[in-house]
Amino acid sequence: MPLGFASARWNNVSSHRRSQWHTFIDQTEVSPLKTVQTIEELRAEIRSARSAGKKIGCVPTMGALHDGHISLVESARQETDFVVVTIFVNPTQFAPHEDLSKYPRPLEDDLRKCADAGVDLVFNPHADTVYPAKDAAYVEVPACSTMLEGAHRPSHFRGVATIVLKLFNMVMPDIAFFGQKDYQQQLLIRHMVDDLNVPVEIRTCPTVRESDGLAMSSRNMYLSDADRQTALALSQALKLAHDACCADGKALVEARQAMLDHLARFPDIKLDYVVIADANTLSEVEHAVPEMVALIAARVGTTRLIDNMLISAAVQT
Ligand code: PAF
C-alpha cells in the first residue's frame, strides 16, 4: 500500500474528494490525519471539536515543514486540545522578484510530518478560496511594518497581516503559535490582534537551531554546501553580540561592531541590516533598554536569511 499520495494526483481530484482521512502507516503505528481544503469543511471540523469542549490551537505555515514548525505543533499540543496546521504558500507576501514560484511545496512529506507530530487537522486551501476577490481588502499594521524587513520588502507585511487575519477568521483558534525566528512578523501579529480586537492569544516559541547554530528555515534548502557553512556566521555574530552585552558587559555600540567585524570576514555575505533594537518597538537603540533584540538580515549567495537573538540581561550603556 502506498504511503500518502502523489501531489500531482492530489491537484487533479475534486475538492469534495480531497477532504478525507489520510492514514500514514508504518510498521509500528497508525496515525490518522484529516486534511480539508474548503472553509465549510474546516468550520464543520472546528465546530465539532468545539462542541466536544476542545480548545483550538493553530499553527499557520507555508509548508516545507521542519523541526521549527514541529516545535510549534508540540507547544500547541501542550496548550490546546485540537491542533490545526494551515499550509498555504501565500502569494501576497512575496514581491514579484521573490521566490514564490520556486518556494518548496513538499505536501506529501508535510502531511506525513503532521501525522507523526499528532496534528488533528491540516487546512490546505486553494488560492481562490483564500483570495476570492483577489486583493479587494487587505490589512496594514503601520506600527511595525516599515522598518527592517518592511524597508527591504515593502509589501511583505501587508501580505502577512492579511493572510494571518484571514486564517484567524477561518480557523477561529483560541491560541495561535508563531516562531521567534520571524521576530518582526510575530510582533506585527501581536499588534494586529491587539489593535483589531481579534479574540486569539498569540504565543511566540523559541527559534529552533541546527546543532551548529543555523536557525531552521524552509529557505535553508536553497543553500549550497559552501553557502550553508558561510551562513553559520549569522548565528555566530548574534551570539557574539549577546555575549558582549550579557557576559562581558560591553556597550551596545561595541556589541554591534562585534557583529559587523565578524560578518565582514565573509565576502559572500551581503548584509541588509545588522541592528540591536528595542524588542517591543524594533527602534534601534544605542543605550540599553530592558528588552532588546539583535537582528540580522543578509543574502548568503542567492539566499536571503534572517535571524535574531534576544538580549535581556542588564548591559552597560
Ligand atoms: O511564517 C510564515 O510561514 C508565514 O509568514 C505565515 C505566518 C504562515 C503567513 O503566510
Side-chain angles (χ1 to χ4, degrees), residues 37 39 42 57-73 75-76 83-95 98-107 109-111 113-114 117 119 121-127 129-131 135 138-141 144-145 148-150 152-173 175-193 196 198 200-208 215-222 295 297 303-308:
Q37 290 205 307
I39 296 171
L42 171 70
C58 179
V59 179
T61 81
M62 297 207 298
L65 303 182
H66 49 67
D67 284 355
H69 296 110
I70 300 307
S71 79
L72 301 180
V73 169
S75 298
V83 177
V84 183
V85 167
T86 68
I87 298 180
F88 179 65
V89 182
N90 173 39
T92 64
Q93 68 190 76
F94 291 79
E98 291 182 340
D99 55 347
L100 174 63
S101 62
K102 70 165 185 161
Y103 198 85
R105 292 167 171 82
L107 184 60
D109 198 39
D110 286 346
L111 295 181
K113 286 177 181 164
C114 286
V119 170
L121 182 69
V122 169
F123 179 49
N124 169 223
H126 274 282
T129 301
V130 177
Y131 291 108
D135 55 357
Y138 56 82
V139 183
E140 296 263 23
V141 186
C144 52
S145 290
L148 304 177
E149 284 305 284
H152 289 271
R153 306 179 70 189
S155 57
H156 174 66
F157 283 127
R158 175 168 128 172
V160 169
T162 303
I163 186 62
V164 171
L165 187 63
K166 277 173 173 279
L167 291 171
F168 285 172
N169 285 336
M170 294 174 197
V171 178
M172 294 175 290
I175 312 181
F177 298 79
F178 296 88
Q180 187 198 313
K181 158 82 171 37
D182 293 298
Y183 192 87
Q184 192 170 358
Q185 169 174 282
Q186 61 81 37
L187 203 59
L188 170 119
I189 291 165
R190 286 175 178 278
H191 269 289
M192 176 182 80
V193 161
L196 298 181
V198 184
V200 57
E201 288 175 40
I202 303 300
R203 297 284 185 272
T204 304
C205 304
T207 301
V208 177
M216 289 197 185
S217 161
S218 305
R219 289 190 166 96
N220 290 352
M221 64 178 75
Y222 301 150
L295 305 113
T303 307
R304 189 170 183 282
L305 299 176
I306 57 173
D307 198 358
N308 67 80

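First listed ligand is number 1; within each ligand, the first listed atom is number 1.
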- Query: Regarding Lys166 and the six-membered ring of Phe88, is the cationic atom NZ or CZ under 6.0 Å from the ring centre and inside 45° of its axis?
  - Reply: no
- Query: Who pairs with Asn308 by side-chain contact (heavy atoms from CB on, under 4.5 Å), at least two apart in sequence or on another chain?
  - Reply: Gln180, Tyr183, Val293, Leu295
- Under 4.0 Å from a heavy atom of Ile163: give me the atoms of ligand 1 that qualify, with their elements. 9 (C), 10 (O)
- Message: List the residues meeting salt bridge (Lys or Arg N to Asp or Glu O under 4.0 Å) with Lys181, not counting sequence neighbours, and say none if there are none.
- Response: none
- Task: Please identify which atoms of ligand 1 are closer than 4.0 Å to at least one heavy atom of Gln93.
- Result: 4 (C), 5 (O), 9 (C), 10 (O)
- Where does Thr86 meet ligand 1, judged by heavy-atom distances below 4.0 Å: at the side chain, the backbone, both, or neither? neither
- Can you say whether the rings of Tyr103 and Phe94 are parallel (under 30°), tilted (30 to 60°) or perpendicular (over 60°)? perpendicular
- Nearest heavy atom to atom 6 (C) of ligand 1: which of His156, Gln185, Lys181 does it belong to? Gln185
